[in-house]
Amino acid sequence: MIEFQNQIFHLHAGGMSYIFGIEEGVPQMYYWGKTVEVSDLKGLMSQGGMGWSTQADTQLLEMPVYGTGDYRSPMLEIEFADGSGVTEFRYQSHRIYDGKPKLNGLPATYTEQEKEAQTLEIVLYDALKKTEAVLLYSVFENGALARSIRLKNNSSEPLKMKRILSASVDFYDDDFETLTLHGSWARERHVERGKLFHGKKSISSSRGASSHHKNPFLALVRPYTTEQQGEVYAMNLIYSGNFEAAAELSSYPLTRMQIGINPFGFAWELGAGQEFQAPEAILVYSDMGLNGMSRIYHDLYRNRLCRGKYRSAVRPVLVNNWEATYFDFTEEKLIALAKEGKEIGAELFVLDDGWFGKRNQDNCSLGDWKVNMEKIPHGLEDLAAKVTEMGLRFGLWFEPEMVNPDSDLYRAHPDWCIHTEGRPRTESRNQLVLDLSRPEVCDYIIDAVSAVLSSAKITYVKWDMNRSMTEIPRSDTAHKYMLGLYRVMETVTSRFPEVLFEGCSGGGGRFDGGMLYYMPQIWTSDDTDAYERLFIQYGTSMVYPVSAMGSHVSAVPNHQTGRITPLKSRGDVAMSGNLGYELDLSKCSPEEKEQMKAQIAFYKANRELVQFGDFYRIESPFEGNYAAWQFVSKDKQESILYAFKKMTVPNGKPKRVKMTGLDKDTYYETTYQNQRIKGDVLMNVGIILEETAQDFESFAIKMTAVPDVSAGKE
Ligand code: DGJ
């Protein structure tokens, strides 16, 4: 997978080649794209230059730095003790080995067997300032490329890092568009495609979390690239904090693509002898469109980023009390809801916010992780036991990273929140962020959460986080917070390996690869309106596997949008993720409950396909009146198509949907008019949706391969 010859590195796997060479000690980028066999591309590189410029400004640089004539954004920006910032890193050595190293304190993809990936470490050295940069590359069998950088200060004086990005790639090309995921609370990860312009186009977060607003993902796509075909170059950062991703078109014009910790608001002092490890970026090339890119990310993240029992165990169908009761619950109400959940077939009952301290609204008690005996008079152990006796598992909500000023924790430790002396402490949802850059705060959280988890039979945790950071005291606080949070999560999740952890941040405010390393599923959005979820789940699936997405059926009118949608459509959207129900089941009619029962039964029979099969986006809700996606089992024996019509068009032309990912020669028994249809017909001719005059109508078609009936054999 990694070859080195004539000073040229050729990293290749899964249809992708990434080639760069060392010229006069400097790593120069040659090529990233579809596999080529020849790696000596030196003679094919541009020898040109432009007026009023330097050589560095027109080169394709593998680790661009500041100070010697490259005027584009650097990957590294250092201020040395004497105030200077010019660096000159030169190749010193490299090593290539099987497997992949752990990244100290950071989430990262991994291998279970060494042959699954190969790693290249290149040591570059600035002799004047005795500073070492190690470029790390690991190529996985499926073509995903993990990149990061480690900086070491070998001098006797401290230095200040003002920027250390994880990956930077220069392209000779400029025929690209950008594709990013943007949004806000309740409207996360909407797909946005746009033009490059001369200058730097960037997305970022400075909120202390990866954020609802921008996701740490950037793709460069050819103008002709679609879901099914065309070239895509993507970067995704395995990090849950502040990030920046940028595409810069220089005057030459060359395109530079970068991702890493957001340099804005960041600085890090590296003392003599100290090292800094940057988070990992996952680079994916696909010449099979956006779906090709997504499948590489999905497989890698499901199998070699997620860990623990639930990496490959099917996810339980849950009932959550949040939209059913909000804070207004009693033990009886909870038991009644769990019972109704059990009756429709749910497997897990989740008690959400409001079970601890004196919390009856969102204005107090975060930090005081002791059960509220007024609301739950027999305690958590008893409640969990009662739910367990019903044949359900019991799950619990926490928001461990936060504190309300009205809490015993805050009264005891007012200095434990993120704050700047002499400045106001801006509250959001009446709460402040605990300062996880402080080890004693992390230890408190570990102990408090562990005590609750040990006190009752709890097999699921929803780990919420409901505000952004403000009044951040120092330029290293936000990253130190992430390192503290990762230590907390590593400790708690490994202490309770049987517990299924679901990440959450006011819905999908921290839906990123960093979280998936600790928690294999994430609550996708607080917006439970199935119509809105079409966009959110479609966008989320660009990078993240369906098994990562929590998705619930909720009441109508929907609590976020007021929209009234059919139960079938709500079910079909929620079944396109990890299915749950989040509504007051006592208010549902017997017919509705029967329908939910059928949904859960169908989901249970098909969830392996949904959670672990290949996922294909077919029709984008961002582009037309329909959304459609398809699940195909790895052996292509089973498939489900979900299609959704947004609005009824009077006297409109019925929609034809073409399947994808099936075996062309296999016959499938389908629920489409109970017809037996061959794979190539389903994929090339397609089926016509049998629409009625109903807005937001959904269609589900199950396809099952007919054994021994293939072309010519029937
Ligand atoms: C935000 C979450 O996203 C919701 O699902 C719910 O858990 C509330 N917090 C509870 O405060």
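When a ligand or atom number is given, it counts from 1 through the structure's own listing order.
- Listed by chain and residue number, Tyr326 satisfy the ring-ring contact (aromatic ring centres under 6.0 Å, His included) test with His559 (two or more places apart in sequence, or in another chain).
- Arg617 forms a cation-pi arrangement with Tyr538, by the criterion of a distance under 6.0 Å to the ring centre and an angle within 45° of the ring axis.
- Between the side chains of Gln537 and Arg533, at least one donor N or O sits under 3.5 Å from an acceptor N or O.
- Looking at residues two or more places apart in sequence or on another chain, you find no salt bridge (Lys or Arg N to Asp or Glu O under 4.0 Å) involving Arg425.
- Looking at residues two or more places apart in sequence or on another chain, you find a salt bridge (Lys or Arg N to Asp or Glu O under 4.0 Å) between Arg302 and Asp299.
- Relative to the six-membered ring of Tyr517, Arg307 meets both conditions, a distance below 6.0 Å and an angle of at most 45° to the axis.
- Protein residues with any heavy atom under 4.0 Å from ligand 1: Trp322, Asp352, Asp353, Trp397, Arg429, Lys462, Asp464, Asn466, Cys504, Gly506, Gly507, Trp523, Asp526.
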